[in-house]
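These notes concern the structure reproduced below.
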Amino acid sequence: MTEQVRVAVVGGGIVGCAVLYCLAKRGWSDTVLLERQELTSGSTWHAAGNVTHFGHYAEITRLYVDSLRVYLQAEAESGQSIGFHKTGSLRLATNRSELDAYRGLERMYGQLGIPYRVVGPAVVADLHPLVRIDGVAGAAHTPDDGHVDAVGATHAMAKAARAAGARIRRHCPVQALQKCSEGAWEVHSRHGVIRAEHVVLAASFWTRELVRPIGFDLPLYALEHHELITDDVPELKSLAFELPTIRDPYGPANFRQEHFSLLCGVYESDPRFWATQGVPPDFGQELLAPDLDRLETHLLRVIERVPAFGRAGLKTVVNGPICFTPDGCPMVGPLRRHRGLWLAAGFPVGIGTGGGAGAFLADWIVNDAPPFEPGMIDPERFKPERDRNRDLAKVRDTYARGYVAP
């Protein structure tokens with residue numbers, strides 16, 4: 001039996017649920033989301049949940065701003081907590097050139113109406129007393145940043161979307177996409193066929209596999225990414241405030257407070273790709289084997305920056321796949337050669353940009369025009385002819401740079 005809907009969303013992570021929710025907010029509830037396993041399977045469930053307003057490109061920064069707005073809106077409507085901690089964040093500059101680059105962004109943030117300032121080492125030490133400021137030239141301070149519960153934010157949007165009439169089908173893996181002669185799309189799953197005017201692929205690293213049979217070679221690849229959580233840090237128990245998140249190009253790494261522990265995400269200089277020949281059919285909420293030996297040089301730099309991190313033992317080590325494009329920016333928008341087919345994939349910072357991407361894409365679909373020029377997130381920025389080895393090399397280099405300014 002064939003079912004007819006206006007929009008079919010493929011993928012039940014934070015991005016897919018954001019698209020579904022934002023479409024419903026704009027009055028489009030004749031929609032269905034298809035998730036191959038459970039909501040948040042893939043990368044969302046093990047994400048650190050960091051949300052920020054800092055970005056070198058206006059398009060990305062707009063996604064950051066709208067993401068938190070969307071999550072808080074869904075929380076208010078659904079009653080599902082997103083667990084937002086407003087701590088602010090500091091993006092460290094390790095030299096004068098990086099600091100000048102941060103100052104160069106002040107005009108953009110002023111135009112966007114985002115609280116933003118460039119501060120010196122003394123202010124960094126005052127805001128984050130666990131950080132050693134040796135070698136720190138200053139930092140970009142975005143006080144409205146923080147972190148959310150990624151699972152909670154996803155379910156808040158799913159709950160609000162359902163309340164507005166949208167449908168969600170779990171354990172419904174998509175097997176094929178087919179363009180119909182009259183312009184619609186058929187989405188084939190093991191539970192039947194759905195015919196849709198629009199199809200949104202928000203399936204992270206599975207997206208590449210879904211579009212390959214219809215002639216697209218998208219540069220979407222998964223990399224292993226480690227996050228570590230320490231045992232309790234005594235210094236945190238004596239503080240009267242929650243520390244801001246630190247993003248440090250020296251590591252490169254990010255770290256933030258997690259209750260009385262420190263959570264650290266590391267960007268390896270020699271990252272490992274995962275499943276480049278195809279994602280295992282049954283992969284869902286599994287983790288990959290951790291490899292701390294690969295991280296030794298980076299962890300020593302983290303300890304140099306935050307000595308308390310080195311004094312605390314490790315409680316949890318998580319290694320999970322995250323999706324990257326060659327330039328590190330997501331692909332959000334239409335595949336113009338196939339009208340009605342949309343991408344929302346390639347999010348290395350999926351929680352930070354997922355809600356905003358949902359709003360951006362929903363506006364474009366409903367109004368047949370983007371709310372702002374897509375620029376660095378336009379899928380069409382990549383030429384159809386791909387050199388796989390070159391793409392992999394660029395992905396590796398982009399990941400390894402971490403927080404070094406582009």
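These numbers come from a predicted model, not from an experiment.
The 12-atom threshold is not exceeded at NZ of K394, counting heavy atoms of other residues, nucleotides or ligands nearer than 6.0 Å. Within a 6.0 Å sphere centred on CZ of R336, other residues, nucleotides and ligands contribute more than 12 heavy atoms. No more than 12 heavy atoms of other residues, nucleotides or ligands lie within 6.0 Å of CZ in R339, so this atom counts as exposed by the packing criterion. Other residues, nucleotides and ligands contribute over 12 non-hydrogen atoms within 6.0 Å of the CD atom of Q111.
Across all their heavy atoms, G49 and I351 have their closest contact at CA-CG2, 3.9 Å. Summarising the geometry of M157 relative to A74, their closest heavy-atom pair is CG-CB, 3.7 Å, with the distance given to 0.1 Å. The two residues M331 and P219 have their closest heavy-atom pair at CE-CD, 4.4 Å. Of all heavy-atom pairs spanning L210 and A203, the tightest one is CD1-CB, 4.1 Å. In terms of heavy atoms, F255 sits closest to V131 at CE1-CG2, 4.3 Å. Nearest heavy atom pair, residue E98 against residue L92, reads OE1-O, 4.2 Å.
Residues passing the side-chain hydrogen bond (donor to acceptor under 3.5 Å, both in side chains) test with Y221 are R208, sequence neighbours excluded. By the salt bridge (Lys or Arg N to Asp or Glu O under 4.0 Å) test, R117 is found to be paired with no residue, residues two or more places apart in sequence or in another chain being considered.
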Practice problem: Any chance you could lay out the side-chain contact (heavy atoms from CB on, under 4.5 Å) test for I229 and L263, step after step, and finish with the verdict? | Solution: CA-CA 4 Å; I229 302 176; L263 184 154; 4.0 Å; yes
Exercise. Take L223 and E268 through the test side-chain contact (heavy atoms from CB on, under 4.5 Å) and record every step on the way to the result.
Key: CA-CA 10 Å; L223 287 162; E268 304 173 46; over 6 Å; no
Practice problem: Give the intermediate values and the outcome of side-chain contact (heavy atoms from CB on, under 4.5 Å) for residues L243 and L236. | Solution: CA-CA 8 Å; L243 292 173; L236 295 178; 3.4 Å; yes
Quiz item: Could you go step by step and tell me if E258 and K315 meet the salt bridge (Lys or Arg N to Asp or Glu O under 4.0 Å) rule?
Solution: CA-CA 12 Å; E258 175 76 2; K315 178 167 56 180; over 6 Å; no
Exercise. Decide yes or no on side-chain contact (heavy atoms from CB on, under 4.5 Å) for D363 and F372, but give the supporting numbers first.
Key: CA-CA 10 Å; D363 279 338; F372 55 85; over 6 Å; no
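Here the NE2-OG1 distance, from H155 to T40, works out to 5.0 Å after rounding to the nearest 0.5 Å. How far NE2 of H298 is from CG of L228: 12.0 Å, rounded to the nearest 0.5 Å. Here CD of Q4 is found 6.0 Å from CZ of R195. Values are rounded to the nearest 0.5 Å. In this structure, CG on L288 lies 5.0 Å from CD on E224, to the nearest 0.5 angstrom. Atoms CD and CG, from E373 and D378 in turn, are 8.5 Å apart once rounded to the nearest 0.5 Å. The line from CZ of F309 to CD of E304 is 14.0 Å long, rounded to the nearest 0.5 Å.
Under the side chain to side chain contact (heavy atoms under 4.5 Å, CB included) test applied with V5, the options V199, I194, T31 reduce to a single match, I194. When V317, L299, V318 are each tested for a side chain to side chain contact (heavy atoms under 4.5 Å, CB included) with H226, only one passes: V317. A side-chain hydrogen bond (donor to acceptor under 3.5 Å, both in side chains) with E242 holds for exactly one of Q257, H259, K86, H85; it is H85.
For N95 (side chain) and S97 (main-chain N/O), a donor-acceptor pair under 3.5 Å exists by modelled atom type. Judged by distance alone, the side chain of R36 and the main-chain N or O of R170 form no donor-acceptor pair under 3.5 Å. A donor-acceptor distance shorter than 3.5 angstrom exists from the side chain of T61 to the backbone of G55, with no hydrogens or angles considered. Under a 3.5 Å cut-off, the side chain of T398 and the backbone N or O of G328 do not form any donor-acceptor pair. Distance alone, capped at 3.5 Å, is enough to place a donor-acceptor pair between the S67 side chain and the G352 backbone. No side-chain donor-acceptor contact under 3.5 Å links R91 to the backbone of T142. In this structure, R301 contributes its side chain and Y250 its backbone to a donor-acceptor pair below 3.5 Å. At least one donor-acceptor pair closer than 3.5 Å links the side chain of S43 to the backbone N or O of P321. For E75 (side chain) and I82 (main-chain N/O), a donor-acceptor pair under 3.5 Å exists by modelled atom type. Between the side chain of D248 and the backbone N or O of A253, no donor-acceptor pair lies under 3.5 Å.
By the 4.5 Å heavy-atom criterion applied to side chains, I14 and Y71 are counted as neighbours. Between V70 and K25, the closest side-chain pair of non-hydrogen atoms is not below 4.5 Å. In this structure, R256 and T87 have side chains that are not in contact, with every pair of non-hydrogen atoms separated by 4.5 Å or more. Between P173 and R190, the closest side-chain pair of non-hydrogen atoms falls below 4.5 Å. The closest side-chain heavy-atom distance from L341 to I214 is below 4.5 Å. For the pair L343/L218, a side-chain contact is recorded, criterion being any heavy-atom separation below 4.5 Å from C-beta on. Under the 4.5 Å side-chain criterion, counting only non-hydrogen atoms from C-beta, E77 is in contact with Y21. You'll find the side chain of L33 stays beyond 4.5 Å of the side chain of V19, heavy atoms only.
Using a cutoff of 4.0 Å between basic side-chain nitrogens and carboxylate oxygens, D391 and R388 are not scored as salt-bridged. A salt bridge links D327 with R381: the distance from a Lys NZ or Arg NE/NH1/NH2 to an Asp or Glu carboxylate oxygen falls below 4.0 Å.
In this structure, F205 and W274 have perpendicular ring planes: the angle between them is above 60°, well past the 30° mark. A perpendicular orientation is assigned to the rings of F216 and H338, their planes being inclined by more than 60° (bins at 30° and 60°). Between Y267 and Y399, the ring planes lie tilted relative to each other; the angle falls in the 30° to 60° range.
Both the sub-6.0 Å distance and the 45° axial angle are not jointly satisfied by R62 relative to the ring of F360.
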